[in-house]
K.L.:
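Supplied in structure tokens, the structure appears directly below.
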Amino acid sequence: MAVDGDPVLEVTAAELRFAGEFALDAVNFRMFAGEVHSLMGENGAGKSTLIRAFTGALRLESGKIRLFGQLVDFPNPAAAQRAGISTVYQEIDVLPNLTVAENIMLGREPRRWGFIDWKQMRTSAAEALSILGVEIDPASRLSSHRLATQQIVAIARAISADVKVLVLDEPTSSLDQDEVAELFRVIRELKARGVAILFVSHFLEQVYEICDRITVLRNGKLVGEYLTPQLLRIDLVQKMLGSDADRIDILNAKQSPPMNRDGKTVILRARGIAKRAQLPATDVEVFEGELLGFAGLLGSGRTELARLLVGVDAIEAGELTIDGVRRRFRKPRQALNIGLAYSSENRRSEGIIPELTLRENINLALQAERGWLRRIPQRRQEELTASWIEALDIRPTNPEGSARHLSGGNQQKLILARLLALAPRLIALDEPTRGIDIGAKVEIQHLITDLVNAGLTVIFISAELEEVLRVSHRILVLRDRQIVATVDPNVATIERLLSLVAKVEDDE
């Protein structure tokens, strides 16, 4: 796409430091009307910091931000939104208990005689939805709709506020293929209407499908701005990784060697376990020291099965045995007490506590296990924190630093440190690399395989089939909340796995 006219949004010479270190170092960035732009880089490259700066969540130490050529300095996100800059975050900021119309018009409810004009609210919401070409009942409760629809409602809210610049933060991370296609249709409609769209994603295929231009950051500095068709994917990855570009080869390398299960102990066996409306009767065996992958589309039952296996959710039927002993967990703590742990796919609401320090986050589960009356001594907390920060290479390394300032990859390491401090025997990792950059993916994958080689048993869930193939000893394929195949990743191809995940094969 050729760039025409002046930028809608332009950031020049942006600088910002955290704890004395540059998060942004003389960064330039621009967006044009009627384009889809991608901001790429490893976690910690400065992407989120830059976005937070021009959306009013952070103030630059130096540098300028211009909107339609006019200097702006937004004191908060509300001011940026009033000026026409809106953000739809990865964890969608909506209120499911309210109606679609109430969510779209939230904070801008039309009034008549001092009271909310409900008819006008529904009309205005319907107009915003019609711009996106979707038919949703404005009076329906948002919770009755699927996640993809809720995301479109969040976009409609931005449209109703006369958006000029729309930031979509990892919008496809929880969507299946059909939902991604629908979202892309909406994005193209907004593009045709002249909206400047920033599409933030770690899915390279989607970036190349939907984006006109790409800006790459590394270590808080601008690497360059490129037209998407003119930038090869391998070149993009090299620009993101810089001098560590040799890690690209690791992405294609098998990380978990074949596992010989002869003589291996079955650590967990499930027979007919089920939960109403979530999972029908299912059988599973997990071997000690195994990295067992779960592959399936969103809604396939992969998360529901993992949560039942490790005691996060209570089974309603069937039998679960751990080391040959029948177990029925009523609370997750009971499972934790015998060494079963779970890392949620939702780092924000079920993972880190951003208000706490690294030390407090790492020691949180261990303190809960001991009970709050038996406090872990401060010195012991510091020793544990230092050891896990070093072992998992968490950065920045300051144990008293706030968890909210960590990149996505380091937040995931922090969650792992908290769980590993409990010395679990089996841990289920649900999307542990979702929403993090390529370099951090490699680090997390190597960390997981190292833990398995040291004796930990892992259930690994990922929407990226290549990743499941790369790290697993064995793969269970789920579809329509049932296990439909068991795959040996050492002989399977990505095409074979995709066909199993997507549909029932005639020759099966």
Side-chain angles (χ1 to χ4, degrees), residues 146-148 172-181 203 205 254 256 258-259 261 264 266-287 290-313 315-321 342 344-345 426-434 448 452 457-508:
R146 59 183 182 166
L147 182 62
T172 64
S173 60
S174 298
L175 306 184
D176 63 26
Q177 291 179 342
D178 290 339
E179 292 169 335
V180 170
F203 294 111
E205 294 81 2
K254 183 81 175 108
S256 290
M259 178 185 177
R261 279 178 289 276
K264 285 284 187 179
V266 174
I267 186 175
L268 181 151
R269 178 178 283 114
R271 289 289 179 265
I273 63 168
K275 188 175 179 67
R276 186 172 54 252
Q278 291 191 17
L279 197 77
T282 303
D283 297 342
V284 176
E285 286 187 343
V286 184
F287 291 86
E290 178 178 38
L291 206 166
L292 178 63
F294 283 6
L297 299 176
L298 189 69
S300 63
R302 61 195 189 196
T303 292
E304 290 81 359
L305 177 56
R307 290 172 66 93
L308 290 179
L309 290 175
V310 298
V312 177
D313 295 330
I315 63 175
E316 295 177 350
E319 180 178 284
L320 185 67
T321 59
Y342 174 75
S344 171
E345 62 181 326
L426 185 154
I427 184 170
L429 302 176
D430 198 347
E431 295 284 9
T433 67
R434 189 186 76 176
I448 292 168
V452 170
T457 303
V458 172
I459 294 173
F460 183 86
I461 304 172
S462 175
E464 296 188 38
L465 301 184
E466 295 91 342
E467 183 175 48
V468 180
L469 270 175
R470 190 160 50 248
V471 303
S472 302
H473 291 128
R474 183 167 55 108
I475 300 173
L476 301 184
V477 180
L478 289 95
R479 186 176 61 244
D480 299 328
R481 300 182 185 270
Q482 297 183 21
I483 297 174
V484 296
T486 300
V487 173
D488 181 351
N490 298 294
V491 297
T493 63
I494 186 62
E495 292 77 17
R496 169 65 173 164
L497 189 57
L498 182 60
S499 68
L500 287 169
V501 164
K503 67 183 188 305
V504 177
E505 296 188 329
D506 295 335
D507 59 351
E508 287 290 294

K.L.:
Would Leu305 and Val284 count as a side chain to side chain contact (heavy atoms under 4.5 Å, CB included) if you check the C-alpha gap in whole Å, the side-chain angles of each, and the deciding distance to 0.1 Å?
P.N.:
CA-CA 9 Å; Leu305 177 56; Val284 176; 4.0 Å; yes
K.L.:
Would you say the side-chain atoms of Ser499 pair up with the backbone N or O of Leu497, donor to acceptor, closer than 3.5 Å?
P.N.:
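No.
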K.L.:
Is there a side chain to side chain contact (heavy atoms under 4.5 Å, CB included) between His473 and Phe287? Walk through the geometry before answering.
P.N.:
CA-CA 10 Å; His473 291 128; Phe287 291 86; over 6 Å; no
K.L.:
Give me the one residue out of Ile459, Leu320, Thr457 that meets side-chain contact (heavy atoms from CB on, under 4.5 Å) with Leu268.
P.N.:
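Answer to the side-chain contact (heavy atoms from CB on, under 4.5 Å) test with Leu268 among Ile459, Leu320, Thr457: Leu320.
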K.L.:
Hey, could you give me the OG/CD1 distance between Ser300 and Ile461, rounded to the nearest 0.5 Å?
P.N.:
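Separation between the atoms: 8.5 Å.
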K.L.:
Is the shortest side-chain N to carboxylate O distance from Lys264 to Glu290 below 4.0 Å?
P.N.:
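No.
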K.L.:
Would the distance check show the side chain of Asp480 and the main-chain N or O of Gln482 forming a donor-acceptor pair, the cut-off being under 3.5 Å?
P.N.:
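No, the answer is negative, given that no donor and acceptor are paired below the 3.5 Å cut-off.
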K.L.:
Once you round to the nearest 0.5 Å, how far does CD1 of Ile494 lie from CG of Leu469?
P.N.:
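Going from CD1 on Ile494 over to CG on Leu469, the span is 5.0 Å.
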K.L.:
Dump the intermediate steps for side chain to side chain contact (heavy atoms under 4.5 Å, CB included) on Phe460 and Val452, then the final yes or no.
P.N.:
CA-CA 11 Å; Phe460 183 86; Val452 170; over 6 Å; no
K.L.:
Step by step, work out the side chain to side chain contact (heavy atoms under 4.5 Å, CB included) result for Thr433 and Glu467.
P.N.:
CA-CA 9 Å; Thr433 67; Glu467 183 175 48; 2.6 Å; yes
K.L.:
Measure the spacing between CD1 of Ile483 and CD1 of Ile475 and express it to the nearest 0.5 Å.
P.N.:
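CD1 of Ile475 is found 13.0 Å from CD1 of Ile483.
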K.L.:
Pairs of donor and acceptor atoms involving the side chains of residues 270-277, under 3.5 Å and at least two apart or interchain, shall be tabulated with distances.
P.N.:
residue: Arg271; atom: NH2; partner: Glu285; partner atom: OE2; Å: 3.1
residue: Lys275; atom: NZ; partner: Ala314; partner atom: O; Å: 3.4

K.L.:
Using 0.5 Å steps for rounding, measure from the OH atom of Tyr342 to the CG atom of Leu429.
P.N.:
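Nearest 0.5 Å value for the OH-CG distance: 9.5 Å.
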K.L.:
Does any N or O in the side chain of Arg479 come within less than 3.5 Å of the main-chain N or O of Leu500, such that one atom is a donor and the other an acceptor?
P.N.:
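Such a contact is found between Arg479 side chain and Leu500 backbone.
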